[in-house]
Amino acid sequence: MRAVEVAGQFGLDRLRLADRPDPVPGPGEILIRVAAASLNYRDLLMVRGQYNPKQPLPLIPGSDGAARVVGLGHGVDRVREGQRVCPIFALSWLEGQPQRSTLRSTLGGPIDGTLAELMVVPAASVVVVPDHLTDEEAACLPCAGTTAWNALVTHGNVQQGDTVLLQGTGGVSLMALMLLRALGARAIVTSGSDEKLERAGQLGAWQTINYRTVPEWGRAAVELTGGEGVDVVLEVGGADTLAQSLRAVRIGGRVALIGNLSGARTEIDLIPVFMRQVRLQGVLVGSRAEFEAMNEIVSRDELRPQIDRTFDLAESRTAFEHMAAGGHLGKICIRL
Ligand SMILES: NC(=O)c1ccc[n+]([C@@H]2O[C@H](COP(=O)([O-])OP(=O)(O)OC[C@H]3O[C@@H](n4cnc5c(N)ncnc54)[C@H](OP(=O)(O)O)[C@@H]3O)[C@@H](O)[C@H]2O)c1
């Protein structure tokens with residue numbers, strides 16, 4: 001089978017298309033033929049060696065994918081051949097809280113990921129794809145979608161009529177924008193680009209703010225909500241954005257700490273956190289049960305993830321460079 005791997009040393013220039021032996025499913029496992037994958041910022045960091053410098057190489061990157069079941073190991077009756085499935089991000093995390101071992105079972109590092117034509121995964125570690133989705137759309141769900149779902153629903157407790165601030169127009173934020181429509185909540189979307197903000201408006205954002213031209217965007221969000229502040233912030237920016245997120249959130253609101261696009265270390269003023277009883281909640285993707293709960297809503301409302309562009313497997317390096325350039329809006333997909 002063909003797979004994209006980073007070999008020898010980390011770096012986008014080390015990505016190459018390789019031939020690997022076809023994997024064979026053991027007892028309780030299934031063989032899946034990957035139809036599409038999508039990139040996450042994590043994959044870019046992983047390939048550059050910035051996510052886990054100790055990750056052994058070669059590594060097949062990719063945490064998000066959609067596939068078809070093409071072989072069953074002994075004793076498997078949970079899925080059938082021909083079914084469309086998505087492997088879950090952390091193969092051992094089926095429900096409840098993550099365990100320490102959960103972190104060692106994630107696709108695209110440390111375990112080989114979705115940029116491969118064939119994969120073997122435990123039969124328990126897949127979720128059936130909603131019928132209305134294309135393979136590329138389904139490939140946006142496991143990591144980006146489940147993360148957005150958990151930040152909004154499991155941890156954010158977003159209710160109808162709530163206001164949620166989404167930072168930037170990348171994969172996680174636009175998955176959240178899609179889900180907010182179904183939850184009956186309104187979104188304030190920030191971006192560094194007016195063109196992207198116009199697109200976000202067309203995709204259902206209630207209000208938009210350019211974080212470059214309005215550096216005090218937290219205050220602007222408070223003004224948009226009549227002086228109260230937003231119910232929930234999905235914090236993907238990290239170091240440079242957390243202070244404004246704390247300004248934007250209402251008394252008793254929640255800030256879901258998801259990403260660190262601008263860095264992982266910062267000083268924060270603790271006073272607004274306790275004076276306004278803000279809850280800071282770290283979010284790590286989610287379990288199979290949470291992925292399935294999201295899929296019920298995705299199917300019910302026939303939601304479709306926003307895809308920026310799709311590349312062929314052989315163009316994977318260009319796809320990563322496209323992500324690194326930051327011009328994308330929504331998910332970047334790879335067709336296998
Ligand atoms: N905790 C978890 O389980 C989990 C899961 C998934 C992702 N993440 C993390 O979440 C972050 C986003 O991931 P992704 O895959 O959605 O990335 P992505 O698709 O590459 O999105 C990046 C976008 O974020 C915006 N952005 C960049 N720097 C920003 C800043 N300083 N302030 C506000 N917006 C900024 C930009 O949008 P504009 O061009 O519109 O400004 C950029 O296009 C990453 O840090 C990733 O590692 C964490």
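Counting starts at 1 for both ligands and their atoms, following the listed order.
Around atom 16 (O) of ligand 1, the closest heavy atom drawn from Val172, Val285, Asn40, Leu39 belongs to Val172. Comparing heavy-atom distances from atom 44 (C) of ligand 1 across Leu261, Ile332, Leu257, Leu44 singles out Leu261 as nearest.
Ranking protein heavy atoms by distance to atom 39 (O) of ligand 1, first place goes to Lys196 NZ, 2.7 Å. Protein heavy atom at the shortest distance from atom 5 (C) of ligand 1 is Thr147 OG1, 3.2 Å. In this structure, atom 35 (C) of ligand 1 lies nearest to the protein heavy atom Tyr211 OH, 3.5 Å. The protein heavy atom nearest to atom 25 (C) of ligand 1 is Gly168 CA, 3.8 Å. Of all protein heavy atoms, the one lying nearest to atom 17 (O) of ligand 1 is Tyr41 CB, 3.5 Å. Nearest to atom 21 (O) of ligand 1 among the protein's heavy atoms is Gly170 CA, 3.2 Å. For atom 32 (N) of ligand 1, the closest heavy atom belonging to the protein is Thr241 CG2, 3.4 Å. Nearest protein heavy-atom neighbour of atom 1 (N) of ligand 1: Val283 O, 2.7 Å.
Of the possible polar contacts, none joining the Glu228 side chain to the Thr225 backbone as a donor-acceptor pair under 3.5 Å is found. Side-chain atoms of Asp231 come within 3.5 Å of backbone atoms of Thr163 as a donor-acceptor pair (strictly under, hydrogens ignored). The main-chain N or O of Thr169 is never found under 3.5 Å from a side-chain atom of His328 such that the two would form a donor-acceptor pair. No donor-acceptor pair closer than 3.5 Å links the side chain of Thr146 to the backbone N or O of Cys143. When atom types are taken as modelled, the side chain of Ser63 and the backbone of Phe89 share no donor-acceptor pair closer than 3.5 angstrom. With hydrogens and angles ignored, the 3.5 Å screen pairs a side-chain donor or acceptor of Ser105 with a backbone N or O of Thr102. Using modelled atom types, one side-chain atom of Gln167 and one backbone atom of Gly237 make a donor-acceptor pair closer than 3.5 Å. A donor-acceptor distance shorter than 3.5 angstrom exists from the side chain of Arg279 to the backbone of His155, with no hydrogens or angles considered. A donor-acceptor distance shorter than 3.5 angstrom exists from the side chain of Arg288 to the backbone of Ala124, with no hydrogens or angles considered. When atom types are taken as modelled, the side chain of Asp308 and the backbone of Ile332 share no donor-acceptor pair closer than 3.5 angstrom.
For a threshold of 3.5 Å applied to N or O pairs, the pair formed by Ile258 and ligand 1 contains at least one separation below that value. Looking at Ser191 next to ligand 1, an N or O pair under 3.5 Å apart turns up. Looking at ligand 1, you won't find any N or O of Cys143 less than 3.5 Å from one of its N or O atoms. Distances between N or O atoms of Asp240 and those of ligand 1 include no value under 3.5 Å. Below 3.5 Å of separation, one finds no N or O of Ser173 facing any N or O of ligand 1. Between Ser262 and ligand 1, no pair of N/O atoms sits closer than 3.5 Å. Checking only distances, Thr169 does come within under 3.5 Å of ligand 1, N or O to N or O. Residue Gly237 has no nitrogen or oxygen atom sitting less than 3.5 Å from a nitrogen or oxygen atom of ligand 1, judged on distance alone. At least one N or O atom of Asn260 sits closer than 3.5 Å to an N or O atom of ligand 1.
Proximity to His328 (heavy-atom distance under 4.0 Å) selects the following atoms of ligand 1: 18 (P), 19 (O), 20 (O), 21 (O), 43 (O). Ligand 1 places these atoms under 4.0 Å from at least one heavy atom of Leu284: 3 (O). If you number the atoms of ligand 1 from 1 as listed, the ones under 4.0 Å from a heavy atom of Gly259 come out as 9 (C), 10 (O), 11 (C), 45 (O).
Counting only N and O atoms by type, the side chains of Gln281 and Arg254 include no donor and acceptor under 3.5 Å apart. For the residue pair Asp131 and Ser299, no side-chain donor N or O sits within less than 3.5 Å of a side-chain acceptor on the partner.
Only the side chain of Met323 comes within contact range of ligand 1, with a heavy atom under 4.0 Å; no backbone atom does.
Ligand 1 is approached by Gly326 to a heavy-atom distance shorter than 4.0 Å.
Contact record, Pro23 with Leu118: CD-CB, 3.8 Å, taken as the closest heavy-atom pair.
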Exercise. Test Arg33 against Glu117 for salt bridge (charged side-chain N to carboxylate O under 4.0 Å, His left out), laying out the working first.
Key: CA-CA 6 Å; Arg33 181 171 290 284; Glu117 288 174 329; 5.1 Å; no
Quiz prompt | Test side chain to side chain contact (heavy atoms under 4.5 Å, CB included) applied to Val298 and Leu133, step by step | solution = CA-CA 9 Å; Val298 169; Leu133 295 179; 4.1 Å; yes
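Atom 29 (C) of ligand 1 is flagged as protein-proximal [any protein heavy atom, distance under 4.0 Å].
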